[in-house]
Amino acid sequence: MSICQDKEAIDVMVEEAKSYTQYGKVADYIPALKVADPDMLSLAIYENDETCVTAGNTEETFTLQSISKVITLALALMDRGEEEVFSRVGMEPTGDPFNSIIKLETHSPSKPLNPMINAGALAVTSMIYGSSIDEKLGRLLTFIHEITGNSSIRYDDTVARSEYETANLNRSLCYYMKQHNVIDDNVEHLLELYTKQCAIEVSCKDLAKIGYVIANEGKHVQSQRPIIPLHIARILKTFMVTCGMYNASGEFAIRVGIPAKSGVSGGIMASVPYGVGIGIYGPALDDKGNSMAGMKLLESLSQRFDLSIF
Ligand code: GLN
């Protein structure tokens, strides 16, 4: 049976996973994220022919945070090509928390290990084409509008400002990389763009559609028109497997086995090759910054529908 025909089982799984929200905590290092409701859990799934299963309050919107790293990587690769992008950011998992600086210092050359940690994402964002912050952000939003078919997607200014004003760790990553010639941007400009990119607001349905396009070799949900080149969609999925759930990516690969990317707002986007996109929102996080109930829900979905790629 296809996933979309088994709505009853999915509702039960969402209810069961919801009980895990009590063991997590909403992110508070970005002050504006503290107001999220920790009990929330919602889900949207796109499967093959645009059918969509939803459970929980899927109208609720939240910010992309680290999930944006996958999308900016796609855009930077389309703008600059693999050779240039990977001359400034590596392809290896770190095993460290997403905001760690340690590998920048202990590795030579001093480039970030991958695009899914903050240092790597900042370097990737610095490669998006555009002559101003507005132009770069505008291109990113247009790209997201195209992927989701939802042109009302914007960034949340309160969340962006809240992060910008408190992003001293990310500032230090930028200065470190600037010293070592990984980036040459004005750091405050780069941080403004990065915090706005992280504050782009979506619903679970939007996430499921982005996940679907990546799963579906970069082709659009309805028209099947290519939006992301096939080789880039493959690179995205590979990073989602090796580094998408931060330093829990290995355990996640074993327990769930689906390319996925999480963000500290509590979102998770998952892409089951070749026909399923999943969007989840559950803001109560575990100690590594992944949605507690969201991970449980993906584990149940993977088991029930045999979704592991391995
Ligand atoms: N904006 C967040 C940060 O840079 C994103 C981190 C995350 O979602 N893990 O800290």
Side-chain angles (χ1 to χ4, degrees), residues 24-36 61-73 89 93-104 112-126 128 133 137 140 144 155-177 183 185 187-202 207 210 239-240 242-249 252 260-270 279-292 294-295:
K25 263 182 61 201
V26 301
D28 55 8
Y29 76 98
I30 299 174
L33 295 183
K34 273 191 234 173
V35 297
T61 55
F62 51 92
T63 53
L64 282 173
Q65 299 302 331
S66 276
I67 300 169
S68 65
K69 292 168 177 165
V70 178
I71 309 163
T72 49
L73 177 62
V89 59
T94 68
D96 301 320
F98 62 83
N99 52 10
S100 175
I101 198 165
I102 191 160
K103 293 272 169 29
L104 281 183
L113 251 67
N114 70 68
M116 300 292 122
I117 50 172
N118 284 10
L122 286 157
V124 166
T125 298
S126 82
I128 295 173
I133 298 172
L137 188 70
L140 177 61
I144 294 176
Y155 73 92
D156 178 331
D157 198 40
T158 309
V159 175
R161 272 171 206 264
S162 175
E163 180 173 7
Y164 178 78
E165 281 161 13
T166 54
N168 294 318
L169 204 45
N170 283 334
R171 266 187 190 86
S172 62
L173 294 173
C174 289
Y175 280 113
Y176 199 96
M177 291 192 289
I183 60 170
D185 306 52
V187 169
E188 292 307 315
H189 292 175
L190 177 56
L191 275 174
E192 185 183 333
L193 177 60
Y194 173 78
T195 50
K196 286 179 175 168
Q197 145 202 329
C198 288
I200 292 172
E201 238 188 332
V202 293
L207 267 196
I210 303 170
F239 277 122
M240 287 160 76
T242 56
C243 325
M245 307 302 279
Y246 319 122
N247 44 335
S249 298
F252 187 82
K261 182 75 202 87
S262 65
V264 287
S265 54
I268 305 181
M269 173 180 82
I280 291 180
Y281 176 54
L285 308 178
D286 65 12
D287 56 353
K288 299 200 167 131
N290 292 313
S291 170
M292 191 99 206
M295 303 254 287

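Just follow the structure's listing: the first ligand is 1, and inside any ligand the first atom is 1. What you see below is based on every heavy atom in this structure, not just the backbone, and it leaves out hydrogens, waters and symmetry mates. Predicted model only: the values in this text are computed from it and were never measured.
- Atom CE of Met245 sits about 9.5 Å away from atom CE of Met240, to the nearest 0.5 Å.
- Using a 4.5 Å heavy-atom threshold, the side chains of Ile30 and Gln65 count as touching.
- Using a 4.5 Å cut-off on side-chain heavy atoms (C-beta onward), Ser265 and Leu64 make no contact.
- Under a 3.5 Å cut-off, the side chain of Ser291 and the backbone N or O of Gly282 do form a donor-acceptor pair.
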In a simple table, one pair per line, please give the protein and ligand 1 atom names for every N or O pair closer than 3.5 Å, along with the distance.
from     : atom 1 : to     : atom 2 : distance (Å)
ligand 1 : 1 (N)  : Gln65  : OE1    : 2.6
ligand 1 : 1 (N)  : Glu163 : OE1    : 2.9
ligand 1 : 1 (N)  : Glu163 : OE2    : 2.7
ligand 1 : 4 (O)  : Asn118 : ND2    : 3.0
ligand 1 : 4 (O)  : Glu163 : OE2    : 3.1
ligand 1 : 4 (O)  : Asn170 : ND2    : 3.0
ligand 1 : 4 (O)  : Tyr194 : OH     : 2.7
ligand 1 : 8 (O)  : Ser66  : N      : 3.0
ligand 1 : 8 (O)  : Ser66  : OG     : 2.8
ligand 1 : 8 (O)  : Tyr246 : OH     : 3.4
ligand 1 : 8 (O)  : Val264 : N      : 2.8
ligand 1 : 9 (N)  : Ser66  : OG     : 2.8
ligand 1 : 9 (N)  : Tyr246 : OH     : 2.7
ligand 1 : 10 (O) : Tyr29  : OH     : 2.5
ligand 1 : 10 (O) : Asn118 : ND2    : 3.3

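- When each of Val264, Leu285, Val26, Asp28 is paired with Leu33, the side chain to side chain contact (heavy atoms under 4.5 Å, CB included) condition holds for Val264 and for no other.
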Under 3.5 Å, which donor-acceptor pairs link side chains of residues 189-196 to any protein atom two or more places apart or in another chain?
from   : atom 1 : to     : atom 2 : distance (Å)
Glu192 : OE2    : Lys196 : NZ     : 2.7
Tyr194 : OH     : Asn118 : OD1    : 3.4
Thr195 : OG1    : Leu191 : O      : 2.7
Thr195 : OG1    : Glu192 : O      : 3.1

